[in-house]
Amino acid sequence: MRFSNILLVLDSNTNHSLALRRAIALASSEIATLTICEVVDRIPANYLRNITMITPREIMDSVVAARFERIQKAVRATKCKDVSIEIKVLVGKPHIEIARQVIANHHDLVIKSIAGPRAHSVKKTDRELMRSCPCPVWLVNDADQKDSDCILAALDMPAEGGTSIELNEHILEVARSIALAEFRHLHIVHAWYLAEESHMRARG
């Protein structure tokens, strides 16, 4: 399996440079199209403070236009020429709008930028996205500018065939694609519970 239609979701609270670089690198490696979007959930407070004779719809249009221009500027700064890139600004609840975008446009991977310490960076909206999104979701933390050089794929090897075999193959293909795009080593791990292990761990 190769990715052919990638969706990158930027977070307005991050500088998203790492997520953007990785999305472009993967799209280039996979010869895939790339759509870059941001989701506006509500009118930012700094816009509300400046309301005079303007309607909420006009304010939202102004916010969408500003976010679109911000993404355009970031894309131009990458000087990328070998990847087909489309820019969108969505309005609504992030996990709902992203899932709708995936279904409507048949995206096969979502890359989303997040920020903050590892232990606290995955927010409720990100967990909701991972549960509701119909394709794989890759969360990229822009705080991790210096990552290790390894990709780890964890597999669950069943005793017999079935859906687990298909899932393992899917995990391996995703890990392979990312490792190739990022020029990283790919490690594979599997853990199992040994029969009567509890007795071996017991005292005495």
Side-chain angles (χ1 to χ4, degrees), residues 1-38 71 74-87 94-95 98-99 101-102 105-123 125-127 129-131 133-158 163-192:
M1 185 203 78
R2 298 184 67 90
F3 297 116
S4 61
N5 192 2
I6 300 171
L7 176 65
L8 169 63
V9 182
L10 300 181
D11 188 330
S12 61
N13 296 319
T14 73
N15 62 22
H16 58 241
S17 59
L18 182 61
L20 183 57
R21 290 200 308 270
R22 286 189 168 170
I24 290 176
L26 184 59
S28 178
S29 172
E30 297 286 284
I31 315 177
T33 59
L34 175 62
T35 300
I36 303 176
C37 79
E38 190 171 321
I71 298 172
V75 171
R76 283 197 298 268
T78 66
K79 299 180 180 178
C80 175
K81 297 181 180 179
D82 61 342
V83 176
S84 174
I85 298 177
E86 182 181 3
I87 299 173
H95 69 284
I98 294 168
Q101 179 74 12
V102 168
N105 296 279
H106 308 289
H107 293 288
D108 46 23
L109 175 67
V110 170
I111 302 175
K112 186 178 185 301
S113 64
I114 59 175
R118 286 178 179 269
H120 307 289
S121 57
V122 181
K123 301 176 182 178
T125 54
D126 298 324
R127 292 193 293 269
L129 173 61
M130 289 188 286
R131 283 194 292 263
C133 189
C135 74
V137 177
W138 180 14
L139 298 180
V140 176
N141 193 331
D142 263 291
D144 297 335
Q145 293 292 335
K146 294 182 179 180
D147 282 339
S148 67
D149 61 352
C150 293
I151 299 292
L152 179 65
L155 305 182
D156 182 15
M157 304 302 295
T163 55
S164 295
I165 293 292
E166 296 178 4
L167 179 59
N168 284 332
E169 291 175 350
H170 186 65
I171 291 171
L172 282 174
E173 285 298 323
V174 171
R176 177 200 63 81
S177 296
I178 295 173
L180 285 175
E182 295 281 310
F183 300 102
R184 300 186 185 202
H185 298 291
L186 174 58
H187 292 183
I188 301 170
V189 64
H190 168 61
W192 69 93

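Just so you know, these numbers come straight off a predicted model, no measurement behind them. The chain is numbered in sequence order, starting from 1.
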Non-hydrogen side-chain atoms of C150 and H187 separated by less than 4.5 Å: yes
Minimum-distance pair of heavy atoms, taken over all atoms of V102 and P134: CG1-CG, 3.6 Å
Distance (rounded to the nearest 0.5 Å) between C133 SG and K112 NZ: 11.5 Å
Close side-chain approach of L172 to R176, heavy-atom, < 4.5 Å: no
Pairwise distance CG(L152) to NE2(H185) - rounded to 0.5 angstrom: 14.0 Å
4.5 Å side-chain heavy-atom contact, E38 and I71: yes
Interatomic spacing from OG in S28 to NZ in K81 - rounded to 0.5 Å: 14.0 Å
Pairwise side-chain contact, S113 with D11, heavy-atom cut-off 4.5 Å (strictly under): yes
Minimal non-hydrogen separation, C80 against I24, with atom names: SG-CG2, 3.6 Å
Student check: side-chain heavy atoms of Q101 and L7 closer than 4.5 Å: yes
Exercise: identify the closest heavy-atom pair between A153 and L186: CB-CD1, 4.4 Å
Side chains of D108 and S4, donor plus acceptor under 3.5 Å: yes
L109 versus P136, closest heavy-atom pair with distance: CD1-O, 3.6 Å
Side-chain touch L26/I111, heavy atoms, less than 4.5 angstrom: yes
Verdict with supporting geometry, R184 and I178, side-chain contact (heavy atoms from CB on, under 4.5 Å): CA-CA 8 Å; R184 300 186 185 202; I178 295 173; 6.0 Å; no
Closest non-hydrogen atom pair, N141 against L18: O-CD2, 3.5 Å
T78 side chain vs V75 backbone, donor-acceptor pair below 3.5 Å: yes
Non-hydrogen side-chain atoms of T33 and I6 separated by less than 4.5 Å: no
Nearest non-hydrogen partners of F3 and E30, listed with the distance: N-OE1, 2.8 Å
Side-chain heavy atoms of L155 within contact of I171, under 4.5 Å: yes
Donor-acceptor contact present, side-chain N5 to main-chain N105, <3.5 Å: yes
Residues E86, I36; criterion side-chain contact (heavy atoms from CB on, under 4.5 Å); working and verdict: CA-CA 6 Å; E86 182 181 3; I36 303 176; over 6 Å; no
D156 side chain vs H190 backbone, donor-acceptor pair below 3.5 Å: no
Distance in Å, H95 NE2 paired with R131 CZ, rounded so as to fall on 0.5 Å steps: 8.5 Å
